[in-house]
Amino acid sequence: MKVAFFLSIAILSLLASWSSSSPSVSFLGIAPQDENYFRKETIKCRNGSRKFTKAQLNDDFCDCLDGTDEPGTSACPEGKFYCRNVGHLPTSLYSSMVNDGICDCCDGSDEYDGKVKCRNTCWEAGKKARDKLQKLIDMYREGVTIRKREVEQAKEAISKDKAELSVLKAEEKSLDKLVNQLKVRKEQIEKAEGKEQLEKDNEDRSNADVEENFETTEASGKEDSLTSEDDVIGLVEQISIFQDESKSEHEDTNVAEDGSESIEDMSKEEIGRLVASRWTGERTGQVEETGSGADSNEGKDGSLNKPSDGDSKTNDPDADKIREEYKESTARLSSAQERISSLTEKLKHDLGVDGEFYTLYGQCFETKQDKYVYKICPFKEAVQEEGQYHKTQLGYWEKFEESYSAMLFSNGAGCWNGPRRSIKVKLRCGLKTELTDVDEPSRCEYLAVLSTPLGCLDGKLKVIVHKHQRSSLLLLTLHCLTGKWGSQQELEGKLEMLQKEKPEGHDEL
């Protein structure tokens, strides 16, 4: 009963439409919904410029500049002819195409003067259109499923990144405090080391001066005597003072109390070494212990030995450890701050109603057309590349438009004597995300199409399904009325099948 009810309504509606599918000559080229406008005796031009009578309708003379009075003839350049195309999609074409010898309407209604016989191809064209629409529905259904999955993945990714950002901010605060503490300790160590190094440098300069004086004295005198009696006395006095401060380990020394007899027995080199040992902090006993009479700080070549590099370090046993901890903590802090900056930048964008576009962040999609490669990077930029080195900026990310069905990139490279380049990327339903087409409809303004499951909206799917079901119902009813199916029972069976395929919760049939 339910199917019969739908069938009755469909047939009645179709019969009403069919009664006007072969309009009178005066109503040729007029859409069924506009026929009432032309039933009056006096009719206004749609642009309001003037009026014309019903007898002037389609009289092959243009009375209205906008072509209102000649929809079924080619008299007015601006007129429009309506093709009913029963069994397929209705269309409109310019009145100049009426009776031009070419069949433009699939039902042949535009060539009514009989000069050309047009075959009605609306059945075949309608079937192709419906098959195409069915494929679109199948693709949309799969795309909607993929989209729902990607939306869930995006929500999980957003939640995960927000949690990571929270942890990183806490870690940053802790690391910043640790780095500051280690920095203070490190600076204290370096200050102490600097002080020790300064003292060492001063000592090294003093030793160098003594060595230089010794070499100068050695070169200026004779090897077997001093240059003057005053020099000898001065050296003796220095040695006597030095000997008084030291405790000699040798009881049987031959040096006299005034030292004059021992000095006379000494060579100039021995006297010089004794004086040098006084300046370098060594003792007479140490001189004698060397066996050769050389100072312990003197090398084999007669020069003073330099302290090793390790002597410049402080005595703090934790110095190296603190330096290493400071280095590692600073690196960890820098890494955490970089990640915080990256996540903050990513999460600040408008990512869609459900955050669905989060999965596109950081991705780029490209296509090659002629000699150019076009690359679209959502939330970043759009570029045109020619070869390996030539790159033109088409625009930087600005925003979503048209209820998240388009992306806008603006403020690109300037055109010669023109505006700065920009590109709008339309989102279309597809089973995978790919850049499918790029065009330049106007100078420096580009238009691209990005096919993606994110463009497969459930609301659009319902509209397409509704359109397909109405078209299929109309076709089935027409088949019945034209005798292509001989019984109402067969038509009811087809309608039952359509009813089963109807999406749950919708009553399109």
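Count residues from 1 along the sequence.
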Given side chain to side chain contact (heavy atoms under 4.5 Å, CB included), test R185 with D318 step by step and report yes or no.
-> CA-CA 10 Å; R185 187 73 184 93; D318 295 330; 5.5 Å; no
Would you indicate whether C118 and C105 have their SG atoms under 2.5 Å apart?
-> no
So, C106 with C83, SGs under 2.5 angstrom?
-> no
Between E156 and K160, does a salt bridge (charged side-chain N to carboxylate O under 4.0 Å, His left out) hold up when you go through it step by step?
-> CA-CA 6 Å; E156 290 177 5; K160 181 180 178 182; over 6 Å; no
Pair E35-R39, salt bridge (charged side-chain N to carboxylate O under 4.0 Å, His left out): steps then yes or no = CA-CA 7 Å; E35 287 184 357; R39 294 187 187 278; 3.1 Å; yes
Gap separating the [atom1] atom of [X] from the [atom2] atom of [Y], nearest 0.5 angstrom:
X: D320; Y: E325; atom1: CG; atom2: CD; answer: 11.5 Å
X: E385; Y: K368; atom1: CD; atom2: NZ; answer: 11.5 Å
X: D458; Y: R141; atom1: CG; atom2: CZ; answer: 10.5 Å
X: L351; Y: F400; atom1: CG; atom2: CZ; answer: 7.5 Å
X: Q393; Y: Q384; atom1: CD; atom2: CD; answer: 11.0 Å
X: L182; Y: K321; atom1: CG; atom2: NZ; answer: 10.5 Å

Is there a donor-acceptor pair closer than 3.5 Å between any side-chain N or O of [X] and the backbone N or O of [Y]?
X: D63; Y: F52; value: no
X: Q56; Y: T53; value: yes
X: R84; Y: T91; value: no
X: D104; Y: V98; value: no
X: N85; Y: L89; value: yes
X: E111; Y: G101; value: yes
X: D69; Y: C64; value: yes
X: R420; Y: A413; value: no
X: N120; Y: C122; value: yes
X: N58; Y: L28; value: yes

Given side chains that start at C-beta, do those of [X] and [Y] come closer than 4.5 Å, heavy atoms only?
X: L457; Y: R147; result: yes
X: I189; Y: R323; result: yes
X: C444; Y: P419; result: yes
X: F379; Y: F357; result: yes
X: L65; Y: C45; result: no
X: W397; Y: C377; result: no
X: F81; Y: S74; result: no
X: S442; Y: L447; result: no

Shortest non-hydrogen contact between [X] and [Y], atoms and distance:
X: R130; Y: G87; result: NH1-O, 3.2 Å
X: I340; Y: E172; result: CD1-OE1, 3.6 Å
X: D350; Y: G352; result: OD1-N, 3.3 Å
X: Y37; Y: K44; result: OH-O, 2.9 Å
X: C429; Y: S451; result: O-OG, 3.9 Å
X: K162; Y: L347; result: CG-CD1, 4.0 Å

State whether Y326 and K183 meet the cation-pi test: NZ (Lys) or CZ (Arg) under 6.0 Å from the six-membered ring centroid, and within 45° of the perpendicular axis.
-> no
Could you tell me whether K380 sits above the aromatic face of Y396, with NZ or CZ closer than 6.0 angstrom to the six-membered ring centre and within 45 degrees of the axis?
-> no
Using the salt bridge (charged side-chain N to carboxylate O under 4.0 Å, His left out) rule, take R443 and E440 through it: C-alpha gap first, then chi angles, then the decisive distance, then the call.
-> CA-CA 7 Å; R443 186 167 180 254; E440 189 178 0; over 6 Å; no
Stepwise, does the side chain to side chain contact (heavy atoms under 4.5 Å, CB included) test hold for V86 with D107?
-> CA-CA 7 Å; V86 176; D107 61 4; 5.7 Å; no
Under 6.0 Å from the [atom1] atom of [X], do we count more than 12 heavy atoms belonging to anything else shown?
X: K148; atom1: NZ; answer: no
X: K426; atom1: NZ; answer: yes
X: Y94; atom1: OH; answer: no
X: E78; atom1: CD; answer: no

From CA spacing to verdict: salt bridge (charged side-chain N to carboxylate O under 4.0 Å, His left out), E402, K424 | CA-CA 11 Å; E402 301 172 16; K424 178 179 285 190; 3.2 Å; yes
Candidates L450, L435, L360 - the one meeting side chain to side chain contact (heavy atoms under 4.5 Å, CB included) with I376 | L435
Under-4.0 Å salt bridge between K135 and D131 = no
Taking atom types as modelled, find out whether [X] and [Y] have a side-chain donor-acceptor pair closer than 3.5 angstrom.
X: D161; Y: Y358; value: yes
X: T121; Y: E124; value: no
X: S410; Y: S422; value: no

For Y374 and E366, run side chain to side chain contact (heavy atoms under 4.5 Å, CB included): C-alpha distance rounded to whole Å, both residues' side-chain angles, the deciding distance at 0.1 Å, then the answer.
-> CA-CA 5 Å; Y374 294 91; E366 62 181 55; over 6 Å; no
Before giving the answer on side chain to side chain contact (heavy atoms under 4.5 Å, CB included), spell out for T367 and V438 the whole-Å C-alpha distance, their side-chain angles and the decisive distance to 0.1 Å.
-> CA-CA 8 Å; T367 185; V438 181; 4.0 Å; yes
